[in-house]
Each structure stands twice: as C-alpha cells, then as structure tokens.
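Quick notes on the structure that follows.
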Amino acid sequence: MATKYEVTYIIKPDLEEDAKKSLIENYDKVIADNGGTMIESSDWGKRRFAYEINKYREGTYHIMTFTADNAEAVDEFTRLSKIDSAVLRSMTVKLDK
C-alpha cells in the first residue's frame, strides 16, 4: 500500500523565474522517476523567515504532495536537494491516510 508524503522546500528568493520553474519541474520528475505519484505540486510564493538562513531573510516556498510504495522517491529528493545550492531547506512529512 502506498504511503502519502508531503515535502516542503524553500528556494532562494533571488533565483530567476525560468530557473525556479525548471528546478520545480526537475524535482517533480525526480519523484515520478523514483516510483512516486504526484497528487499536487504548488507554489506558496515568497515568505519572510523568522531568522536568517544562509544570509537570506526570505525564500520561495514550494509544496509537493505525493504517494509512493517505498521511500526511494523521498530519499532521492532529499539527496539531491541537500547538494542543490538553490534549495535553502526542505522538510518531508509522512501523512496519515
């Protein structure tokens, strides 16, 4: 039975619109390529941080909700987002049915 996940990640606020769109499409594809089924991928827009992250005071929030039979999609997203300089932070939550 598939598990439902929600991933929130914060993109640098100074990233160009085309680069941001490409980044989001790339991460949506990472989920699909690793056995995930996308339910929703939505942009929350720029938000101000409570504290500074990597010298930034705000960032663009993006949320993905998807299902996956195993954790491969989550693991691959986590691995790639940690080495991607355009992603400031990410958080993955396993949702109850």
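What you are looking at is a predicted structure, and each value in this text was computed from that prediction instead of being measured.
- In the displayed structure, E52 atom CD is contacted under 6.0 Å by more than 12 heavy atoms of other residues, nucleotides or ligands.
- Put simply, the side chain of E58 does not reach to within 4.5 Å of the side chain of R47, judged on heavy atoms.
- Atom-to-atom distance recorded for S81:OG and N26:CG is 11.0 Å, nearest 0.5 angstrom.
- A donor-acceptor pair under 3.5 Å is absent between the side-chain atoms of N54 and the main chain of Y56, judged by distance alone.
- Closest approach of A2 to T67, counting heavy atoms only: CB-CB, 4.0 Å.
- To the nearest 0.5 Å, atom OG1 of residue T3 and atom CG of residue D69 are 7.5 Å apart.
- Judged purely by atom type and a 3.5 angstrom limit, T78 uses its side chain to pair as donor or acceptor with the backbone of V74.
- For the pair K21 and E17, the salt-bridge criterion is not met [side-chain N within less than 4.0 Å of a carboxylate O].
- Counting only distance, with no hydrogens or angles, the side chain of K12 and the backbone of S85 share a donor-acceptor pair below 3.5 Å.
- Side-chain atoms of R89 and I53, non-hydrogen and from C-beta on, do get closer than 4.5 Å to each other.
- Take F66 and apply the ring pair (Phe, Tyr, Trp, His ring centres under 6.0 Å) test, not counting sequence neighbours, and it matches Y5.
- V7 has its side chain out of reach of M91: every pair of non-hydrogen atoms, C-beta onward, lies at least 4.5 Å apart.
- A donor-acceptor pair under 3.5 Å links the side-chain atoms of K46 to the main chain of P13, judged by distance alone.
- Distance check, rounded to the nearest 0.5 Å: CG of L95 to OG1 of T65 gives 6.5 Å.
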Exercise for the section: Before giving the answer on side chain to side chain contact (heavy atoms under 4.5 Å, CB included), spell out for F49 and I10 the whole-Å C-alpha distance, their side-chain angles and the decisive distance to 0.1 Å. Expected result: CA-CA 10 Å; F49 299 148; I10 305 171; 3.6 Å; yes
Exercise for the section: Could you please spell out the steps behind the side chain to side chain contact (heavy atoms under 4.5 Å, CB included) verdict for V87 and L80? Expected result: CA-CA 10 Å; V87 176; L80 291 171; over 6 Å; no
Problem - Evaluation steps, side chain to side chain contact (heavy atoms under 4.5 Å, CB included), between I11 and L88 - result: CA-CA 6 Å; I11 305 165; L88 297 175; over 6 Å; no
Do any side-chain atoms of residues 34-44 form donor-acceptor pairs under 3.5 angstrom with protein atoms, and if so which ones, sequence neighbours left out?
residue	atom	partner	partner atom	Å
N34	ND2	V30	O	2.8
S41	OG	D28	OD1	3.1
S41	OG	D28	OD2	3.1
S41	OG	H62	NE2	2.7
D43	OD1	G45	N	3.4
D43	OD2	K20	NZ	2.9

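- The aromatic ring centroids of F77 and Y9 lie less than 6.0 Å from each other.
- Under a hydrophobic clustering in which Ile, Leu, Val, Met, Phe, Trp and Tyr are joined whenever their side-chain heavy atoms come within less than 4.5 Å, directly or via other members, I24 and Y61 fall into different clusters.
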